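Working notes for the structure below.
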Amino acid sequence: MKNYFSIQDIDSLKDWVEEAIEMKKNPLSDKTLGVDKTIGLLFFNPSLRTRLSTQKAALNLGMNVMVMNFTGEGWSLEYGDGTVMDQRNSEHVKEAAQVVSQYCDVLAIRAFAKLENREEDYSEKVLKNFMKYATIPVVNMESATGHPLQALTDAITITEHKKTDKPKVVLSWAPHPKALPQAVANSFVKMMQQMDAHFVITHPMGFELASEITKEVPIDYNQENAFKDADFIYVKNWSSYNDYGKTLPNDLSWKITEQKMNITNDAKFMHCLPVRRNVVVDDAVLDSENSIVIEQSNNRTYAAQLILKKILESK
Ligand code: CP
């Protein structure tokens with residue numbers, strides 16, 4: 001595998017999920033695979049889980065890890081072709097990507113949507129330019145439109161916890177004080193289309209994701225109706241795709257409560273974290289036995305480790 005940009009780079013989902021679950025039982029089974037190899041992690045945005053789980057995954061494989069917070073510490077990058085660079089940007093991605101490629105064997109990048117210009121965000125300017133100019137594999141640690149490491153994690157977690165071959169999985173929008181990108185929801189939707197699941201999306205009107213991504217997935221604008229018989233409730237806030245960059249009314253009645261969870265088939269509660277307690281979800285749900293968010297976060301290590309293993313094996 002050259003790059004892990006989206007879940008389309010997974011050639012056999014079922015096999016990869018099984019391999020990650022095996023890896024979790026013995027995380028150091030490939031502890032020499034990455035010896036004398038270096039991964040560079042570039043962050044244009046904050047992180048807790050992605051940063052530490054990807055480092056942990058690399059260390060489990062014997063790799064060296066270098067981390068750089070680009071915002072505030074790196075030179076401000078230019079991406080345009082032929083730009084006269086007489087404004088604020090100091091370095092072109094052409095040089096930056098090639099330079100980093102000399103220091104590292106694998107590069108992983110986090111660069112969120114700015115939520116100002118839909119066309120620019122959905123062009124994936126940062127990740128696509130690094131993939132274009134880097135001479136080493138590039139891993140997406142959450143880009144403007146996708147979070148494929150999170151989606152692989154979610155597939156692992158659902159596989160571990162499902163009680164039937166084809167569980168009902170509901171992706172529910174929930175309120176949030178800030179407008180958030182669609183990346184996690186986009187990748188989760190794509191992942192559920194690959195898995196054997198009865199998959200339903202529920203959100204208030206106006207929060208439709210890109211129809212090229214949701215395709216035929218049923219959308220229920222009635223959250224409580226969608227929750228009926230659910231085996232997994234996956235919760236995430238995202239901002240409007242159609243009214244891009246605008247802050248629509250934040251309907252607090254969409255918060256996840258104990259009463260709503262009681263409508264489900266004893267569903268597991270999932271969230272990628274970080275989560276705003278008592279805005280997105282009540283304490284009573286997040287602290288309940290059915291909440292698997294901490295285990296979900298633990299699985300971030302094995303999703304990342306599997307991806308790095310695939311890259312190292314194909315180098
Ligand atoms: N879920 C996730 O990506 O967490 P961080 O933003 O903390 O990395």
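When a residue number appears, it is its place in the shown sequence, counting from 1. The basis for the numbers below is simple: all heavy atoms, side chains too, and nothing from hydrogens, waters or symmetry mates. Both counts, for ligands and for their atoms, begin at 1 and track the order of listing. Since we're looking at a predicted model, the values are computed, not measured.
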- Query: Hey, are Lys24 and Glu295 close enough for a salt bridge, meaning a charged N less than 4.0 Å from a carboxylate O?
  - Reply: yes

Exercise for the section: With side-chain hydrogen bond (donor to acceptor under 3.5 Å, both in side chains) as the test, would you mind laying out the steps for Glu124 and Thr145 before giving the verdict? Expected result: CA-CA 7 Å; Glu124 291 286 14; Thr145 70; 2.4 Å; yes

Tyr241 meets the ring-ring contact (aromatic ring centres under 6.0 Å, His included) criterion, sequence neighbours left out, with Tyr122

Test side-chain contact (heavy atoms from CB on, under 4.5 Å), reference Val139, set Ile39, Thr54, Ile109, Leu149, output is Leu149

Residues passing the side chain to side chain donor-acceptor pair (under 3.5 Å) test with His198, sequence neighbours excluded, are none

Counting only non-hydrogen atoms and a 4.0 Å cut-off, the residues near ligand 1 are Ser47, Leu48, Arg49, Thr50, Arg110, His147, Gln150, Cys272, Leu273, Arg300

With sequence neighbours left out, the residues meeting ring-ring contact (aromatic ring centres under 6.0 Å, His included) with Phe207 are Trp173

